[in-house]
Amino acid sequence: MSYYVSEDLKDKKGDIILDGNCCVESLPDRDGKKCLFLVKCVEKSYEISASDKKKKQEWIQDVQTVVNLRKMGVSSPHRDAQQKRKALRQKLQAEQEEMERKMKELQTSNEMKQLELEQVRMQLKEAAARAALEEKKRHDTHIELQDHFREELEREQMIRQEMEEKVAQKSSELEQYLKRVRELEEMYHRLQEALDDEKQARLEEEKARLLQTRLLEAEATKRAMLENLHREQEMMIKMTEAEKKELETMQELKEKALQEAMQQLEQLEKERIAALEQYEHIKCNLEMATSKTRSWKDKVAQHEGLIRLIQPGSKNPGLITNWGPASFTQGELQEREKNWQEKKNATSLE
């Protein structure tokens, strides 16, 4: 543990080395100092004051946990977390270097296009110079060949016009290429946002499914209790008239319990309906995020595959029971059907 001169954590004052020989003790309040505890090490002891009793208890538990881990020869969870963060930073740095390498390749390609354009311009200048020289020579020749020289000049002018058109076309292609690179970069950022939205929607869906599973289990328990009470009432009705007066009081108590169970069952039904609505809302969000991701993935695929998409993992399809959508697997559903059949057979035997 490191401690500093002030709370801004800029000037480090020293370190407390925790090992298997250390221990931590709680101290009573004294001299106006509250929430004190003591960390004893081999060479030195440290008296520390926490902000409140809760923080004091948390510090004592955390220090004792680290000491116990050091006694067992296990590394600190903080160090493991630090190593994981370091590995994550290295991974992100490698991805950043890969993106920089791709951008350098695009820049090199752009420079090559500019060199080609410059060569075409030089060729155009050379062709213009040759045309001017040939034109001068044609004017110096005999008058009878003047028509022939005029045709040659027109042909050279057509060649020059074609070269200028090619230069303009190359410039337009270069501008379109740079525009497409910018569009791809913008698509990549939007796709990353869509993937984050989809991941968050999947987490919310998983929470809703767990809540719905708990509600279904509670509802099944209440239903079983309700069926038991109903069977007990039927047995009481079949009893003799001599025992009827004696059991009327008990029957009233059972009816009250039955009413309370019915109220609890209705409450559970309302909670299940609310959980189902929440599940449907989360499912719609997930479908929207998936559609958004798929649309961006199609757009990126149309631009020569410059970005490789990260596909989300597939999920097992949820089953639909008579209580509504649930995240049961096929094995869990078969086990529930087996238990229900056993309860039904036991009831018929009674």
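Position 1 is the first residue of the sequence, and the numbers go up from there.
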Under 3.5 Å: donor-acceptor pair, side chain of K34, backbone of D52:
no
d(T221 OG1, L216 CG) to nearest 0.5 Å is 10.5 Å
TODO: Verify side chain to side chain contact (heavy atoms under 4.5 Å, CB included) between K113 and K170, making sure each step is shown before the conclusion.
DONE: CA-CA 8 Å; K113 294 288 185 181; K170 290 290 184 180; 5.8 Å; no
**Prompt:** Taking C-beta and beyond as the side chain, do Q278 and H281 meet within less than 4.5 Å on heavy atoms?
**Reply:** no
N110 meets the side chain to side chain contact (heavy atoms under 4.5 Å, CB included) criterion, sequence neighbours left out, with Q114, L174, L178
Is E162 paired with K166 through a side-chain N to carboxylate O contact shorter than 4.0 Å?
no
Tracing side-chain contacts under 4.5 Å among Ile, Leu, Val, Met, Phe, Trp and Tyr outward from M163 reaches L117, V120, L124, I159, V167
Any chain of hydrophobic side-chain contacts (each under 4.5 Å) joining M225 to L268? no
Sub-4.5 Å side-chain heavy-atom contact between Y4 and K12 | yes
| field | salt bridge (Lys or Arg N to Asp or Glu O under 4.0 Å) assessment of E219 paired with K222 | value | CA-CA 5 Å; E219 184 179 359; K222 293 297 181 180; over 6 Å; no
Apart from L88 itself, its cluster of hydrophobic side chains linked below 4.5 Å comprises L92
* **Hydrophobic cluster membership, I282 vs L211, 4.5 Å side-chain cutoff** => no
(message) side chain to side chain contact (heavy atoms under 4.5 Å, CB included), that's the test. Do E98 and K102 meet it? Break it down for me.
(response) CA-CA 6 Å; E98 182 66 18; K102 290 183 179 179; 3.7 Å; yes
CZ (R223) and CD (E227) are apart, to the nearest 0.5 Å, by 8.5 Å
Open item on the list: For the backbone of Q61 and the side chain of T65, can you confirm whether one donor and one acceptor N or O come within less than 3.5 Å of each other?
Closed with: yes
Could you tell me if the side chain of R180 sits less than 4.5 Å from the side chain of Q176, heavy atoms only? no
Taking every heavy atom of K71 against every heavy atom of G20, the minimum-distance pair comes out as CE-O, 2.9 Å
Heavy-atom distance under 4.5 Å between the side chains of V181 and E185, does that happen here?
yes
Distance col, row C22:SG vs K44:NZ, nearest 0.5 angstrom, shows 13.0 Å
Taking a hydrophobic cluster as the set of Ile, Leu, Val, Met, Phe, Trp and Tyr residues connected by side-chain heavy atoms closer than 4.5 Å, whether directly or through intermediates, do L195 and L203 fall within one such cluster?
no
Rounding to 0.5 Å, atoms OH (Y177) and CD (E173) come to a distance of 12.5 Å
- Pairwise side-chain contact, Q263 with Q267, heavy-atom cut-off 4.5 Å (strictly under): no
Take R209 and E205 through the salt bridge (Lys or Arg N to Asp or Glu O under 4.0 Å) test and state the conclusion after the steps.
-> CA-CA 6 Å; R209 286 182 175 178; E205 180 187 11; 2.8 Å; yes
In this structure, CZ of R70 is separated from CG of L18 (nearest 0.5 Å) by 9.0 Å
Nearest heavy-atom contact between P28 and L36 is O-CD1, 3.7 Å
ask   = Please walk me through it: do M99 and E95 pass side chain to side chain contact (heavy atoms under 4.5 Å, CB included)?
value = CA-CA 6 Å; M99 289 296 296; E95 293 178 355; 5.7 Å; no
Between M1 and W59, the two heavy atoms sitting closest are SD-CZ3, 3.5 Å
Establish whether L38 and I60 are linked, either directly or via other cluster members, by ILVMFWY side-chain heavy-atom contacts under 4.5 Å.
no
- Message: Between M103 and L106, is there a side-chain heavy-atom distance shorter than 4.5 Å?
- Response: yes
Rounded to the nearest 0.5 Å, the NZ atom of K104 sits from the CD atom of E100 at a distance of 6.5 Å
Closest non-hydrogen atoms of K53 and C35, given as atom of the first, atom of the second and distance, are N-SG, 3.5 Å
Any heavy-atom pair between the side chains of E126 and R130 that's under 4.5 Å?
yes
* **Residues R202, E198; criterion side chain to side chain contact (heavy atoms under 4.5 Å, CB included); working and verdict** => CA-CA 6 Å; R202 287 188 181 277; E198 182 179 1; 3.4 Å; yes
Give a yes or no answer on whether the side chain of D19 reaches the backbone of N21 with a donor-acceptor pair at less than 3.5 Å.
yes
Output yes when K207 and E204 qualify as a salt bridge under the 4.0 Å nitrogen-oxygen rule, no when they do not.
no
Do V24 and V67 have side-chain heavy atoms sitting under 4.5 Å apart? no
Item to complete: Please answer: with hydrophobic residues joined when any side-chain heavy atoms are less than 4.5 Å apart, are V39 and Y3 in the same cluster?
Response: yes
Quiz item: Is a side-chain donor-acceptor pair under 3.5 Å present for N68 with Q64?
Solution: yes
Begin with the C-alpha distance, continue with both residues' side-chain angles, and end with the deciding distance and a verdict on salt bridge (Lys or Arg N to Asp or Glu O under 4.0 Å) for K256 and E260.
CA-CA 6 Å; K256 290 181 180 179; E260 292 177 356; over 6 Å; no
